[in-house]
Asks: 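This structure is in structure tokens; I'll ask about it shortly.
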Amino acid sequence: MTAVAEASQARPLMPVEQALEQLLALAEAAPIRDTENLPLAEAEGRVLATDLVASLDLPPWPNSAMDGYALRKADWQGEPLPVSQRIFAGHAPQPLQPGTCARIFTGAPVPEGADCVEMQENTEVAEDGRVRFLEPLHADQNIRPQGQETRKGEQVMSAGTRLGPIELGLAATLGHGRLDVVRKVRVAVLSTGDELVEPGLPLGPGQIYNSNRRLLVSWLQRLGCDVVDAGILPDDLALTRACLASLGDVDLILSTGGVSVGEADYLGAALREAGELALWKLAIKPGKPLTFGHFQGVPVIGLPGNPASTLVTFGLLTRPYLLRRQGVGDVTPLRFDMPAGFDWPKAGTRREYLRARIEQGQVRIYKNQSSGVLRSAAWAEGLVEVREGSTPKQGDSVPFIPFSELLG
Ligand SMILES: Nc1nc2c(c(=O)[nH]1)N[C@H]1C(S)=C(S)[C@@H](COP(=O)(O)OP(=O)(O)OC[C@H]3O[C@@H](n4cnc5c(N)ncnc54)[C@H](O)[C@@H]3O)O[C@H]1N2
Ligand code: MOO
Ligand SMILES: [Mg+2]
């Protein structure tokens, strides 16, 4: 039997959770260990390689949360207090003279001897400049104590954290100008198919535009990967072998198309021939023929060619794989239970990911859920999951995964 004929034999579909578990285990077995030390400005989207430990208290000294007056609470006995100094943010104060208050502004260090700050709206300044406090004072009010946010020596972020604007901001508050990050994952992107033409060029008979390449290259770049764009590969077994062998120094070969059972589907055949096919045929719709294997030691993920299948299998399976290769622990996208705004009367044998959006508090699905229709995803705001065998009806709770959870 030929490899393709053998492949076309019926076999049970692998449940999505099991496929994800296996992919994550494969990712953990091939971690990216190289690191680089980057300035914060270049670290966005990257993964922290070492735990980040605070090298100072935050705030480093008690400071005022309000524009107003700092004083020792016990000094206020109903007689207006003179102002003995003005303290601005960024300037060191003198110890507070007993029996006086200090004019102070938000973020300025609270002077030694003061134990509360009153906001200026609750004060009255007499003509001679002395200050009367109009409301009861409480010890420590409006003072942000030293170390309230973080204590020196505390672990603030752990290795494996993805660095977005918030994490970079946090590193900056602790004074880190550079961070150790995991080097980028190098991914070769390959589009298989005789029918493919790049956008901008004229279409010949039987041809279509290559959309998967653009979708994946842009998405991978957003995920902080180093992309090697290997262009279009014709449907030919010898060329497929040669192309896979030529891609060399990459961490992953990511292809689209050529993984089903057609006579021109050579990607799966090349991996099967190399004897290293770990995953094939999942209980997922769209995306059933997703393939994972190795070619000469390099991991290969073959995404199904239909554009919506590429999107779903990249977002739900490849993205977590790539993040886990970089040591990211939590790779599960958030999902929200939402009332269905549709009926799904036909139970499926594969878990379905329908392109959907939220309208008036309900999940609505795109009218055409064919895996060839990428417009469904452009209309949608995320994916709604319909489990094998389930038939959700209008108003039933269904899990919704926003695209924003998958795209970054
Ligand atoms: N007899 C069977 N046929 C098919 C089965 C099956 O189980 N038995 N599975 C179907 C399913 S499900 C899927 S998904 C597709 C996957 O096919 P392949 O991954 O082999 O992909 P191709 O056949 O090469 O292409 C499928 C489809 O997608 C278009 N395509 C491919 N690449 C691109 C691209 N870069 N940009 C835009 N569009 C692309 C291609 O023209 C085809 O229309 O197999 C089913 N068949
Ligand atoms: O899995 Mo396919 O992606 O149903 O069309
Ligand atoms: Mg095919």
Asks: Contact between Leu96 and Glu112 at the side-chain level, heavy atoms closer than 4.5 Å - yes or no?
Replies: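 Side chain of Leu96 against side chain of Glu112, heavy atoms only: no contact under 4.5 Å found.
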Asks: Taking the side chain from Asp57 and the backbone from Pro59, do they hold a donor-acceptor pair closer than 3.5 Å?
Replies: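 Judged by distance alone, no pair lies under 3.5 Å.
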Asks: Are Arg46 and Gln326 linked by a side-chain donor-acceptor pair shorter than 3.5 Å?
Replies: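 Their side chains do not contain a donor-acceptor pair, so the 3.5 Å distance test is not met.
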Asks: Run the side-chain contact (heavy atoms from CB on, under 4.5 Å) test on Leu223 and Arg319 for me, step by step, so that the C-alpha distance in whole Å, both residues' side-chain angles and the decisive distance to 0.1 Å come before the verdict.
Replies: CA-CA 8 Å; Leu223 289 176; Arg319 176 185 177 275; 3.9 Å; yes
Asks: Might you point out which heavy atoms bring Trp344 and Ser390 nearest each other, and give the distance in Å?
Replies: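 Looks like CD1-O, 4.2 Å.
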Asks: Between Leu317 and Ile301, is there a side-chain heavy-atom distance shorter than 4.5 Å?
Replies: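 They are not in side-chain contact.
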Asks: Kindly check if the number of other-residue, nucleotide or ligand heavy atoms within 6.0 Å of CZ (Arg178) is above 12?
Replies: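 Check passes, neighbour count above 12.
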Asks: How about CD on Glu42, more than 12 heavy atoms from neighbouring residues, nucleotides or ligands closer than 6.0 Å, or not?
Replies: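 Buried by this count: over 12 neighbours within 6.0 Å.
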Asks: Within the supplied structure, the quantity of interest is the number of heavy atoms (other residues, nucleotides, ligands) at a distance under 6.0 Å from Glu17 CD; does it exceed 12?
Replies: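 Count over threshold, so yes.
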Asks: Is the backbone of Pro345 close enough, under 3.5 Å, to the side chain of Asp343 for a donor and an acceptor to pair up by distance?
Replies: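 No; zero donor-acceptor contacts below 3.5 Å.
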Asks: Looking only at heavy atoms, which two atoms of Val398 and Pro339 are closest? And how far apart?
Replies: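 It is CG2-C, 4.5 Å.
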Asks: Is the shortest heavy-atom distance from the side chain of Leu81 to the side chain of Tyr69 under 4.5 Å?
Replies: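 Answer no - side chains too far apart.
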Asks: So, for Leu190 and Cys243, which heavy atoms are closest and what is the spacing to 0.1 Å?
Replies: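 The pair with the smallest heavy-atom distance is CD1-SG, 3.5 Å.
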Asks: Using modelled atom types only, decide if a donor and an acceptor are shared between the side chain of Trp280 and the backbone of Val259 within a distance under 3.5 Å.
Replies: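 Checked: pair present.
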Asks: Can you tell me if NZ on Lys285 sees more than 12 non-hydrogen neighbours from other groups inside 6.0 Å?
Replies: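 Not buried by this count: 12 neighbours or fewer within 6.0 Å.
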Asks: Is Arg335 positioned over the aromatic face of Phe400, cation under 6.0 angstrom from the ring centre and no more than 45 degrees off axis?
Replies: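 Not flagged: Arg335 not positioned over aromatic ring of Phe400.
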Asks: Please round to the nearest 0.5 Å and tell me the distance separating atom CG of Leu168 and atom CG of Leu48.
Replies: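 If we round to the nearest 0.5 Å, Leu168:CG and Leu48:CG are 9.5 Å apart.
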Asks: Give me the one residue out of Leu13, Leu316, Val16, Val386 that meets side-chain contact (heavy atoms from CB on, under 4.5 Å) with Arg351.
Replies: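 Option passing the side-chain contact (heavy atoms from CB on, under 4.5 Å) with Arg351: Val16.
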Asks: Test your reading of the model: is there a side-chain donor-acceptor pair from Thr291 to the backbone of Pro289, 3.5 Å cut-off?
Replies: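 Side chain of Thr291 to backbone of Pro289, a donor-acceptor pair under 3.5 Å: yes, one is there.
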Asks: Give me the one residue out of Asn63, Asn142, Asp67 that meets side chain to side chain donor-acceptor pair (under 3.5 Å) with Thr106.
Replies: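 So, applying the side chain to side chain donor-acceptor pair (under 3.5 Å) to Thr106 and each of Asn63, Asn142, Asp67, only Asp67 qualifies.
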Asks: Kindly indicate whether the side chain of Asp235, heavy atoms from C-beta on, has any atom under 4.5 Å from the side chain of Glu195.
Replies: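 In contact.
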Asks: Measure the shortest side-chain to side-chain distance between Pro304 and Lys288 over non-hydrogen atoms and say whether it is less than 4.5 angstrom.
Replies: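 SC-SC contact between Pro304 and Lys288 ruled out.
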Asks: Evaluate side-chain contact (heavy atoms from CB on, under 4.5 Å) for Val181 paired with Glu36, printing each intermediate quantity in order.
Replies: CA-CA 5 Å; Val181 300; Glu36 51 187 327; 3.8 Å; yes
Asks: Would you say Gln85 and Gln97 make side-chain contact, with heavy atoms under 4.5 Å?
Replies: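 No; the side chains remain at least 4.5 Å from each other.
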Asks: Return the minimal non-hydrogen interatomic distance between Cys225 and Lys184, and the atom names on each side.
Replies: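 Closest approach of Cys225 to Lys184: C-CD, 4.2 Å.
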Asks: Walk me through it: do Asn210 and Val197 pass the test side-chain contact (heavy atoms from CB on, under 4.5 Å)?
Replies: CA-CA 6 Å; Asn210 181 0; Val197 172; over 6 Å; no
Asks: Report yes if some heavy atom in the side chain of Arg355 is under 4.5 Å from a heavy atom in the side chain of Pro286; otherwise report no.
Replies: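 Side chain of Arg355 against side chain of Pro286, heavy atoms only: contact under 4.5 Å found.
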Asks: Tell me, yes or no, whether the heavy-atom count around Glu79 atom CD, taken from other residues, nucleotides or ligands under 6.0 Å, exceeds 12.
Replies: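 No - once you tally the heavy atoms of other residues, nucleotides and ligands closer than 6.0 Å, there are 12 at most.
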Asks: Please report the closest heavy-atom contact between Ser64 and Phe105, naming both atoms and the distance.
Replies: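 That closest heavy-atom pairing would be CB-O, 3.8 Å.
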Asks: Would you confirm whether Asp180, through its side chain, and Thr35, through its main-chain N or O, come within 3.5 Å as a donor-acceptor pair?
Replies: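 No.
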Asks: Has Gln94 got more than 12 heavy atoms of other residues, nucleotides or ligands less than 6.0 Å from its CD?
Replies: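 Not more than 12 within 6.0 Å, no.
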Asks: Below 4.5 Å, heavy atoms only, C-beta onward: do Thr332 and Pro320 meet side chain to side chain?
Replies: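 The answer is no; the side chains never approach within 4.5 Å.
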Asks: For the CG atom on Leu201, are there more than 12 heavy atoms of other groups (residues, nucleotides or ligands in this structure) within a distance under 6.0 Å?
Replies: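 Yes, because the 6.0 Å sphere around CG of Leu201 holds more than 12 heavy atoms from other groups.
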Asks: Arg325 and Ala30: which non-hydrogen atoms are nearest, and at how many Å?
Replies: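 Reported closest heavy-atom pair: NE-O, 2.6 Å.
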Asks: Would you check, one step at a time, whether the test side-chain contact (heavy atoms from CB on, under 4.5 Å) holds for Leu247 with Phe295?
Replies: CA-CA 10 Å; Leu247 291 171; Phe295 192 87; over 6 Å; no
Asks: Just wondering, are more than 12 heavy atoms of other shown residues or ligands nearer than 6.0 Å to CZ in Arg151?
Replies: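 Yes, CZ of Arg151 has more than 12 neighbouring heavy atoms, counting only those of other groups under 6.0 Å.
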Asks: Just by modelled atom types, is the Ile358 backbone N or O under 3.5 Å from a matching donor or acceptor in the Glu381 side chain?
Replies: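 Yes, the answer is positive, given that a donor and an acceptor are paired below the 3.5 Å cut-off.
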Asks: Please work out whether the ring planes of Phe314 and Trp219 are parallel, tilted or perpendicular, with thresholds of 30° and 60°.
Replies: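 The arrangement is tilted - the two ring planes meet at 30° to 60°.
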Asks: How far apart are the C-alpha atoms of Glu198 and Arg213, what are their side-chain angles, what is the distance that settles it, and do they pass the salt bridge (charged side-chain N to carboxylate O under 4.0 Å, His left out) test?
Replies: CA-CA 9 Å; Glu198 287 308 325; Arg213 176 187 191 182; 2.6 Å; yes
Asks: Decide salt bridge (charged side-chain N to carboxylate O under 4.0 Å, His left out) for Glu28 and Arg324; before the verdict, give the C-alpha distance in whole Å, the side-chain angles of both, and the deciding distance to 0.1 Å.
Replies: CA-CA 7 Å; Glu28 277 159 30; Arg324 189 55 65 81; 2.4 Å; yes
